[in-house]
Amino acid sequence: MMRQYELVERVQRYKPDVNEALLNKAYVYAMQKHGHQRRASGDPYFSHPLEVAAILTEMHMDEATIAVALLHDTIEDTSATRQEIDELFGPDLGSLVEGLTKLKKLDLVSKKAEQAENLRKLLLAISEDVRVLLVKLADRLHNMRTLDHMPESKRLRIAEETMDIYAPLAGRMGMQGMREELEELAFRYINPEAYRTVTSRLAELSERNRDVIVEIENTLSELFKKYELKASVKGRQKKPWSVFRKMESKALSFEQLSDIFGFRVIVDTVEDCYRALGAIHTTWSMVPGRFKDYISTPKQNDYRSIHTTIVGPSRQRIELQIRTREMNKVAEYGVAVHALYKDTPGKVNAADHAISKETNAYAWLRRTIEQLAEGDNPEDFLENTKLELFQDQVFCFTPKGMLIALPRGATPIDFAYAVHTDVGDTCVGAKVNGRIMPLMTELKNGDEVEIIRSKAQVPPAAWESVVVTGKARAAIRRATKNAIRKQYSGLGARILERAFDRAGKVFSKDGLKPVLHRLARKDVEDVLTAVGRGELASSDVMKAVFPDFKDERVTQAAKPREEGWSKIRNAAGMLFQIPGRASRKDRQVARENGAVPIRGVRGDLPVRFAPEGAVPGDRIIGIMQPGSGITIYPIQSPSLTAFDDQPERWIDVRWDIDEATKERFPARISVVALNAPGSLAEIAQVIAENDANIHTLSMIRTAPDFTEMLIDLEVWDLKHLNRLISQLKENASVSDAHRVNG
Ligand code: MN
């Protein structure tokens with residue numbers, strides 16, 4: 001195990017002014033916290049954070065990052081707390097360690113290749129700081145190096161996750177060395193057979209070609225000497241995974257040297273890169289289509305190099321990469337290397353980057369690199385590496401580990417609709433991380449969301465203003481529209497049933513089918529909805545089905561009402577009417593079926609109140625007003641007699657009000673007051689003190705000593721109204737107060 005002083009020395013080699021105290025403190029603290037813990041290999045647990053720190057020293061990271069590496073498993077696996085780390089090492093370091101603790105949660109989530117991209121984004125979103133990500137990658141690399149010690153059942157999962165998520169992430173951050181090693185390690189576990197085959201074949205070829213490779217190296221070196229170029233040439237066997245992938249994707253033969261060996265030419269300056277290229281291309285012929293100049297147009301991850309393939313001295317194809325020493329470091333260590341290697345002027349210039357559009361999600365890398373190019377102090381680099389990436393998104397999981405990406409501000413309702421429209425439509429509640437939470441809760445990165453569903457649910461229209469995703473909003477709108485349509489068509493069916501019944505006929509939906517054309521409607525539902533909306537009169541439907549039907553409304557009105565109708569109250573106390581003298585059976589049927597399930601005044605049909613108003617606590621009846629919805633009357637309202645001869649217009653409604661309803665309702669009262677100075681003011685005051693609003697007030701009769709007035713009020717409910725009336729009655733200037741039609 002690496003000693004404390006060895007670690008400090010390693011950092012000192014590339015950073016002479018290293019903060020030794022910090023490294024020493026982190027080393028001792030982590031060692032003590034992990035105590036006697038062991039790894040699966042039997043090694044002391046502390047060897048793991050130490051190795052992770054060592055990997056980061058190879059990448060020449062600053063001491064804060066190295067300290068975080070030492071501490072990265074303490075909160076999760078030991079008695080250490082964030083608070084303690086804050087106190088000992090400062091809150092900045094504490095938040096980095098906590099970031100790594102949060103990332104651990106991800107390891108528990110099942111990962112499918114198809115959601116790898118989102119998982120990478122989640123990783124970035126949770127990381128918040130590029131140093132967290134670098135430690136996480138180093139952590140993963142060490143775990144992969146020691147994967148043999150893990151139980152076999154876990155190896156494949158970890159290897160696949162490495163291949164799908166971590167290796168590409170390292171690659172995009174420009175850390176080719178890290179990416180390559182992760183891929184090779186993962187390949188061994190994911191496809192052991194292919195790995196063995198490719199490896200042994202490569203070894204064979206390498207053995208057979210040993211002389212050829214030395215020969216090419218020498219030839220190139222001599223060529224550069226002739227051109228007075230200082231360059232080092234290194235033949236390099238490609239790694240099994242990249243060979244295998246190339247063979248798979250391009251179906252290339254194993255035998256071609258250029259597919260297995262590459263030569264890297266390292267020079268001092270950018271000018272030398274092009275001189276070397278010139279020397280090579282004037283000596284041997286190049287293979288068309290293989291030349292790429294990533295120096296004038298760097299890759300998004302700042303990879304810069306010249307690639308070319310030539311037909312070499314012995315007629316074999318040779319792949320070459322030409323780059324400067326610094327470019328090579330960037331290629332190996334990517335984003336990390338910027339921490340300590342300040343660019344020579346012009347190396348990273350804005351123009352180069354302007355060429356490559358910011359379609360790549362790694363625009364932050366460009367920003368940080370630009371910061372570096374502009375900043376005086378290269379150490380600022382890591383101080384300014386807050387990841388701004390994907391901060392406008394949150395990533396949440398289903399209980400089965402499916403990853404759902406949502407815009408920031410999304411709620412469990414958005415989540416439900418993102419999973420599936422059906423899930424959204426039937427959503428009635430949600431558990432977030434195992435706890436029931438309000439559906440308006442704003443989701444956070446990494447939340448696990450379980451949707452509670454009910455088949456009976458119709459998404460409330462009010463959700464539309466709560467959700468942030470377009471998908472949810474559109475689905476809610478659609479579901480609300482359907483629900484309203486369904487209510488109208490249910491209402492229409494009931495109106496027709498009653499109208500047919502009244503005429504002594506039996507209504508059936510099938511009976512409408514042959515006459516759809518006569519009604520100019522496309523289907524039965526359409527007819528029912530039109531009747532429910534009041535766009536189509538029930539008598540017109542009657543006439544369509546029974547052409548010799550005479551509108552009875554005329555005769556009906558002529559008849560004395562008592563003969564034609566019976567009033568019945570159903571179980572809920574709702575009044576409605578049935579034709580003729582009702583038998584007991586009629587009453588029974590009416591009780592069972594009488595209530596049309598319109599959910600009252602807050603529902604989805606256009607609803608108005610009768611002029612005299614109606615308040616919660618009143619029993620109410622709705623009257624269909626063709627074309628304009630429903631008017632609500634208190635059941636005792638004398639105005640209702642006007643509709644006695646049109647029973648199909650009567651609708652049983654009920655209040656659908658709960659405690660959350662903060663709405664006032666209209667009621668009309670009559671007040672008779674003494675004509676004394678200030679009496680009107682007193683009445684107004686009583687009303688105001690009772691928390692009621694006056695909507696309109698009209699004097700309807702004035703005598704020398706009295707005035708009668710009608711006041712339209714807005715009150716909470718019947719109790720509220722009654723209390724107000726009795727308060728008015730108690731007032732000295734009021735001789736009478738009562739509700740109108742109430
Ligand atoms: Mn670890």
Side-chain angles (χ1 to χ4, degrees), residues 1-2 4 7 10 23 26-59 61 63-82 84-85 89 93-109 111 119-120 122-124 126-151 154-167 169-170 173 175 178-179 181-182 185-186 189 336 446:
M1 210 157 55
M2 197 184 352
Q4 203 170 325
L7 178 68
R10 273 190 188 223
L23 288 180
Y27 186 105
V28 173
Y29 180 79
M31 187 169 65
Q32 283 174 348
K33 281 293 171 187
H34 286 294
H36 296 296
Q37 290 176 352
R38 300 255 156 205
R39 300 202 85 210
S41 60
D43 289 339
Y45 192 93
F46 181 60
S47 67
H48 164 66
L50 199 52
E51 285 300 328
V52 175
I55 290 169
L56 291 163
T57 63
E58 287 162 27
M59 294 158 63
M61 299 307 298
E63 56 267 62
T65 312
I66 307 290
V68 170
L70 292 169
L71 300 171
H72 83 270
D73 278 332
T74 54
I75 293 183
E76 180 78 9
D77 296 339
T78 78
S79 64
T81 61
R82 165 78 198 267
E84 198 174 58
I85 290 174
F89 300 95
L93 220 129
S95 92
L96 296 178
V97 178
E98 191 171 29
L100 281 148
T101 311
K102 275 195 231 158
L103 287 185
K104 278 218 149 185
K105 272 206 272 178
L106 275 184
D107 294 342
L108 305 172
V109 170
K111 291 162 187 83
L119 273 164
R120 278 193 292 271
L122 172 61
L123 207 67
L124 289 166
I126 290 185
S127 297
E128 284 169 4
D129 189 300
V130 76
R131 287 175 289 183
V132 171
L133 214 53
L134 291 168
V135 176
K136 181 71 190 174
L137 285 169
D139 177 39
R140 174 52 57 121
L141 180 58
H142 184 244
N143 285 334
M144 284 303 293
R145 284 176 183 170
T146 53
L147 196 58
D148 264 340
H149 300 290
M150 288 303 277
K154 287 188 179 171
R155 284 183 214 160
L156 182 65
R157 186 182 68 77
I158 295 173
E160 281 176 342
E161 183 184 297
T162 301
M163 190 66 102
D164 292 338
I165 293 154
Y166 292 98
L169 193 60
M173 291 173 75
M175 299 152 71
M178 169 85 75
R179 195 204 72 199
E181 190 177 349
L182 287 172
L185 288 165
Y189 294 96

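The residues of the chain are indexed from 1 along the displayed sequence. Whatever order the structure lists them in is the order used to number ligands and atoms, beginning at 1. Model, not experiment: these values are computed from the prediction.
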A.B. asks: Just checking: His48, one of its N/O/S atoms, less than 2.8 Å away from the Mn ion (ligand 1), yes or no?
C.D. replies: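 Coordinating: yes.
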A.B. asks: State, to 0.1 Å, how close Tyr45 and His34 come at their nearest heavy-atom pair, and which atoms those are.
C.D. replies: CD2-ND1, 3.3 Å
A.B. asks: With a 3.5 Å distance limit and no angle check, can you tell me whether Tyr189 reaches the backbone of Asp148 through a side-chain donor-acceptor pair?
C.D. replies: yes
A.B. asks: May I ask you to decide whether Lys154 forms a salt bridge with Glu161, counting only side-chain N to carboxylate O separations under 4.0 Å?
C.D. replies: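 Glu161 and Lys154: not salt-bridged.
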A.B. asks: Do Glu51 and Met1 touch side chain to side chain, with heavy atoms closer than 4.5 Å?
C.D. replies: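 Answer no - side chains too far apart.
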A.B. asks: Which atom, among the N/O/S set of Asp139, is closest to the Mn ion (ligand 1)?
C.D. replies: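 Nearest N/O/S atom: OD1.
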A.B. asks: Give the name of the N/O/S atom in Asp73 that lies closest to the Mn ion (ligand 1).
C.D. replies: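 Looking only at N, O and S atoms of Asp73, the one nearest the Mn ion (ligand 1) is named OD2.
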